[in-house]
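Worksheet: one structure, shown below.
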Amino acid sequence: MAGAFVGAFGLLMLSAFTSVLAGGPLSTKRELVNAAYQAAVGECLNWEKADLSDAQKVDCSAAHKFEVTGTADITAAYPKEAPFPNAETWEKIAQENCAQASTTYMGGKLDPKGKYGVSTLNPDEGRWSSGYRQLRCGLQVTAPSGAALPSFGSAKTQDQSAVYDPGVCVALAENNTVGDPIECAKPHAFEIVGVVQHPEGPFVALEAQDSSMSEKCAAIAAEYTGGADLKAKNLLVTWDTRAEESWAVGSRKANCKIGAVPQGNNLVAWEGSVRNPNGAPLTTANPPQTTSVRAQDEPTGAPLHSESGKQPSESGKPSDSDKPDKPSSSPPPSSTENR
C-alpha cells in the first residue's frame, strides 16, 4: 500500500463541500449535508453513495471515512469579498490550517508514511459567497488514488502501518506505481498474502527487516498458495518494510505479497489469484485493515502531507514500500526474492 502521505494535496469532497483536485473544483451543485458542517473534533463521518450525499455521523468504532481532527475559521485571511479559492489556494489553506491540527490531534505521532492521510472539508461556492469560512480538518484511510477507504476505530488507537488484509490485490498504476485495491481477476501488481507483526523495541535496520521478512513471507506464501510453484508461474514472493519514522510512532506491521517477476525495474501486471481454494479461511484483522472494497467512484485526490512545515512530495512518486522489487544477486532457496 502506498504511503498515505505521498502525492499532491487533495481536498475531500463531501456533498456541498468542494473537492479541489489538480484539474480544478468538481461540481458544487450537490445536496447539503448538515452532518458534515456540524461535525466536531473526534467525531467520525461515513457515506456509501458515490457522490457522498448520504454522509452521516457514526460511532468511530464503526466503518467510517473521515475522522475530524480540528476546525478552522479562515475569515481573517479570506473576508467575505475574497474570491472563491482555486486549487492552489485550497492547498495553501489546507497546509496552513490542517497539517499541524491533525498532528496535534494524534499527540505528535502521525505516521508520515502510514495509512492515514490529512484531508479537509471545505465550503462550496454558494456558502463561500455568503461568507461561510469554516473548515473541518480530518484523517482518512486513503488508497493511492486518494479515494477514501473504510477505517475502524479512532486513528488515535490504531496501528498506522500501511498494510492491506490477506487476499487483497492492488492495481498497477501509471508511472510504475502501485494503485488501489482491485479485483484479483483483473490485471494487478501484487496479491497480498499476509501481514507480519514486527516486535516492539528499537528500530530494526532495513537489511535486518529484509532478512526476517524473507523467511516469514516464504512460509506465509507457501501456506497461502498451498505450496504452489510460483517460479513456474513467473511469480515471486516479496514484501514491504517499515521506515524509521514510521517505526518511531509505533507502526510495526508489514505486508507479504506475491507479484510477477519484474522486467528490470518495472513492475509487471498479472491476472488471477494464487490463493489455495482449499485452504483455511483467511484471517483478517478485527477490525480489519484496509480491505478490498470498491473505492468511491469520484476520486478525492492524494492526501496532504502531515508533517508541519513540509511540503508534499512530488505527485505520483511511489513510497519506499511500493518501489519495484529487484531480484537478489544470488537466488534464494525458494521463489522468494528480496527487495
Side-chain angles (χ1 to χ4, degrees), residues 1-7 111-117 141-144 149 158-173 176-182 184 188-200 203-221 224 230 235-262 265-268 270 274 282-285 288-292 313 317-328 332 334-339:
M1 178 181 182
F5 301 91
V6 173
D111 186 346
K113 297 178 180 292
K115 65 182 179 181
Y116 291 102
V141 173
T142 48
L149 296 174
Q158 301 303 303
D159 185 298
Q160 299 178 53
S161 304
V163 293
Y164 291 113
D165 279 325
V168 173
C169 289
V170 290
L172 177 56
N176 198 37
T177 60
V178 176
D180 291 3
I182 192 173
C184 292
H188 55 273
F190 295 110
E191 179 173 358
I192 307 301
V193 299
V195 178
V196 171
Q197 173 78 55
H198 290 294
E200 296 300 318
F203 175 67
V204 176
L206 296 182
E207 294 79 5
Q209 288 187 47
D210 279 333
S211 178
S212 174
M213 293 293 287
S214 174
E215 179 179 353
K216 292 177 180 179
C217 289
I220 288 172
Y224 182 92
L230 297 179
L235 300 173
L236 53 77
V237 180
T238 185
W239 52 85
D240 295 335
T241 56
R242 292 280 73 88
E244 188 167 5
E245 53 265 50
S246 297
W247 198 281
V249 298
S251 296
R252 295 290 190 278
K253 295 178 180 177
N255 275 139
C256 300
K257 53 194 181 182
I258 288 175
V261 174
N265 288 333
N266 294 318
L267 297 173
V268 175
W270 56 290
V274 291
L282 293 177
T283 300
T284 57
Q289 291 127 15
T290 307
T291 53
S292 54
S313 56
K317 182 180 179 182
S319 66
D320 290 341
S321 63
D322 290 323
K323 291 179 180 177
D325 298 280
K326 301 179 181 179
S328 58
S334 68
S335 60
T336 304
E337 295 191 37
N338 67 21
R339 298 171 55 85

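From a predicted model like this one, the values you see are computed outputs, not experimental measurements.
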Margin query: Is there a side chain to side chain contact (heavy atoms under 4.5 Å, CB included) between Ile192 and Cys256? Walk through the geometry before answering.
Written below: CA-CA 6 Å; Ile192 307 301; Cys256 300; over 6 Å; no
Notebook entry, point to check: How many angstroms lie between NZ in Lys115 and CG in Leu149, if you round to the nearest 0.5 Å?
Noted result: 10.5 Å
Note to self: Parallel, tilted or perpendicular: which one describes the rings of Trp247 and His198, with boundaries at 30° and 60°?
What the structure shows: tilted
Margin query: Let me confirm one number: the CE-CZ distance from Met213 to Arg242, rounded to the nearest 0.5 Å.
Written below: 8.0 Å
Notebook entry, point to check: Which value, rounded to the nearest 0.5 Å, describes the distance between Trp239 atom CH2 and Ser212 atom OG?
Noted result: 10.0 Å
Next item on the list: Decide yes or no on side chain to side chain donor-acceptor pair (under 3.5 Å) for Gln158 and Tyr116, but give the supporting numbers first.
Entry: CA-CA 10 Å; Gln158 301 303 303; Tyr116 291 102; 5.2 Å; no
Next item on the list: Show your working on salt bridge (charged side-chain N to carboxylate O under 4.0 Å, His left out) between Glu200 and Arg252 and close with a plain yes or no.
Entry: CA-CA 8 Å; Glu200 296 300 318; Arg252 295 290 190 278; 3.6 Å; yes
Item checked: Shortest non-hydrogen separation from Gln160 to Asp111 and the atoms involved -> OE1-N, 2.7 Å
Notebook entry, point to check: Is there a side-chain contact between Val193 and Pro166, using heavy atoms and a 4.5 Å cut-off?
Noted result: no
Next item on the list: Using the side-chain contact (heavy atoms from CB on, under 4.5 Å) rule, pick out the option among Val237, Thr238, Asn255 that qualifies with Cys217.
Entry: Val237
Checklist line | Pairwise distance CG(Asp180) to SG(Cys169) - rounded to 0.5 angstrom | finding: 13.0 Å
Next item on the list: Take Trp270 and Glu191, measure what side chain to side chain contact (heavy atoms under 4.5 Å, CB included) needs, and give me the verdict at the end.
Entry: CA-CA 10 Å; Trp270 56 290; Glu191 179 173 358; 3.5 Å; yes
Checklist line | Backbone N/O of Thr241 and side chain of Gln209: donor-acceptor pair under 3.5 Å | finding: no
Item checked: Minimum heavy-atom distance Cys184-Gly167, with the two atoms named -> SG-O, 3.8 Å
Item checked: Lys253: partners by side chain to side chain contact (heavy atoms under 4.5 Å, CB included), with sequence neighbours left out -> Asp159, Ser161, Val163, Val195, Gln197, Gln289
Margin query: Show the nearest heavy-atom pair for residues Ile182 and His188, with the distance to one decimal.
Written below: CG2-CB, 3.8 Å
Margin query: So which atom in Pro144 and which in Gly179 form the shortest heavy-atom distance, rounded to 0.1 Å?
Written below: CG-O, 3.3 Å
Margin query: Name the residue from Thr177, Val261, Asn176 that meets the side-chain contact (heavy atoms from CB on, under 4.5 Å) definition with Leu267.
Written below: Asn176
Check: Going from CD1 on Ile220 to CD1 on Ile258, what distance comes out if it is rounded to the nearest 0.5 angstrom?
Finding: 10.5 Å
